[in-house]
Amino acid sequence: MILYPAIDLKDGKAVRLLRGDMDKATVFNDDPAAQAMEFVAAGCEWLHLVDLNGAFAGEPVNAAAVEAILSQTKTPAQLGGGIRDMATIEMWLSKGLARVILGTVAVENPDLVREAARAFPGKVAVGIDAKDGKVATKGWAEVTDVETTDLAKSFEDAGVAAIIYTDINRDGAMQGPNVESTAALANAVSIPVIASGGVSSLDDLKALNSCGAPLNGAISGRALYDGAIDLKEALELLRG
């Protein structure tokens, strides 16, 4: 299982939100590229980037910060937030991004996800952000009537590289991930699933790693910044 350190970008800075609330942001680093290099120095295999402003705006907003990260490290990075058309997908992949994450458009324009996955094999992931089992879009500002598992299953034949599943109620709250729901989703589809939201201790990583489902990885943000998880120790645990 891969551990993806998260760098959430708001106004050009690395922050963490509480349950997706833009008004409850804690700034952890004014220099996201420096933060990325700290994670890389600790030995991470991937970086998970989110353009928070972009998720609300529907277009890239923190592009300069993302480009700075991509220019300074060769570690593969995935990015979500404000990627809602083929031109933006092509732009990011041409700049060296390893994988784009499509969230809102997975609900509103699933044909784009399929087109992109065909055009860029292995480079397109679907972000499914759930609140009480329902999919939320537009930076989590809108909760739809779409069931999490139904959306995931609809992309079984699309060739997407992964599903990033976030339980919004757990995100940034340091209360542990929703292991049960994550495992249920991973067992319901053949697409690799990455767990996100609430991963706040080594015990959480152990629980996900032994949840009875084939998880591809887990994303952690606040716990790494706060020191609740030591990245080197966590990487050793998961590679163990």
Side-chain angles (χ1 to χ4, degrees), residues 3-84 88-89 91-93 95-104 125 127 129 136-141 164 166-175 194 196-200 217-232 234:
L3 179 58
Y4 295 76
I7 300 177
D8 290 0
L9 302 164
K10 180 177 184 280
D11 306 332
K13 299 174 181 178
V15 308
R16 288 302 285 169
L17 304 184
L18 178 60
R19 299 186 179 93
D21 189 337
M22 287 287 269
D23 292 328
K24 295 178 180 176
T26 303
V27 176
F28 283 104
N29 201 319
D30 290 333
D31 186 343
Q35 183 62 61
M37 294 309 294
E38 284 185 33
F39 289 147
V40 170
C44 71
E45 301 165 61
W46 274 84
L47 293 167
H48 175 77
L49 314 177
V50 181
D51 182 347
L52 294 170
N53 302 101
F56 285 90
E59 61 185 16
V61 175
N62 286 285
V66 176
E67 289 175 24
I69 291 169
L70 295 178
S71 70
Q72 292 187 37
T73 174
K74 299 302 178 210
T75 299
Q78 60 185 20
L79 170 70
I83 305 173
R84 297 184 191 167
T88 306
I89 293 167
M91 180 271 289
W92 277 126
L93 294 177
K95 289 181 181 293
L97 195 72
R99 191 153 66 199
V100 295
I101 303 166
L102 304 180
T104 296
D129 305 322
T137 61
K138 296 184 173 68
W140 303 352
I164 290 132
T166 304
D167 186 312
I168 295 170
N169 289 329
R170 305 293 183 103
D171 193 68
M174 299 290 284
Q175 294 174 352
I194 299 168
S196 175
V199 177
S200 54
I219 294 165
S220 184
R222 181 177 288 272
L224 295 175
Y225 296 105
D226 284 347
I229 294 178
D230 179 271
L231 182 53
K232 284 186 178 179

Trace of the side chain to side chain contact (heavy atoms under 4.5 Å, CB included) decision for L52 with M22: CA-CA 8 Å; L52 294 170; M22 287 287 269; 3.9 Å; yes
Closest non-hydrogen atom pair between S200 and A223, with its separation: CA-CB, 3.6 Å
CH2 on W92 to CD1 on I101, rounded to 0.5 Å: 12.5 Å
Intermediate values then yes/no, side chain to side chain contact (heavy atoms under 4.5 Å, CB included), D129 and D171: CA-CA 10 Å; D129 305 322; D171 193 68; over 6 Å; no
Minimum heavy-atom distance A136-I168, with the two atoms named: CB-CD1, 3.6 Å
Flag, side chain of D51 to backbone of N62, donor-acceptor distance under 3.5 Å: yes
From I7 atom CD1 to E38 atom CD, the distance as rounded to the nearest 0.5 Å: 9.0 Å
Close side-chain approach of L9 and N53, heavy atoms under 4.5 Å: no
K138 NZ: over 12 foreign heavy atoms closer than 6.0 Å: yes
Sequence-distant partners of D8, salt bridge (charged side-chain N to carboxylate O under 4.0 Å, His left out), two or more places apart: R16
Mind listing the side-chain donor-acceptor pairs of residues 23-30 below 3.5 Å, one per line with the distance, residues two or more places apart or on another chain?
from: T26; atom 1: OG1; to: R222; atom 2: NH2; distance (Å): 3.4
from: N29; atom 1: OD1; to: D31; atom 2: N; distance (Å): 2.8
from: N29; atom 1: ND2; to: Q35; atom 2: OE1; distance (Å): 3.2

Rounded distance [0.5 Å steps], CD in Q175 versus CG in D167: 10.0 Å
Minimum heavy-atom distance A6-G221, with the two atoms named: CB-CA, 4.0 Å
Nearest-0.5 Å distance, CD of residue Q78 to CG of residue L47: 9.0 Å
Closest non-hydrogen atom pair, L231 against C44: CD2-CB, 4.4 Å
Heavy-atom check, side chain of M37 versus side chain of Q72, under 4.5 Å: yes
Which atom of A41 lies closest to which atom of K232, heavy atoms considered: O-CE, 4.3 Å
Under 3.5 Å: donor-acceptor pair, side chain of R19, backbone of N169: yes
Check: S196/T166 side-chain N/O donor and acceptor closer than 3.5 Å: yes
Proximity of F39 and Y4 rings by center, below 6.0 Å: no
Any donor-acceptor N/O pair, T73 side chain to L70 backbone, under 3.5 Å: no
Ion pair K95/E67, N-O distance below 4.0 Å: yes
Contact summary for A14 and Y225, nearest pair of heavy atoms: CB-OH, 4.3 Å
Backbone of V40 reached by a side-chain donor or acceptor of T75 within 3.5 Å: no
Under 3.5 Å: donor-acceptor pair, side chain of S220, backbone of V199: yes
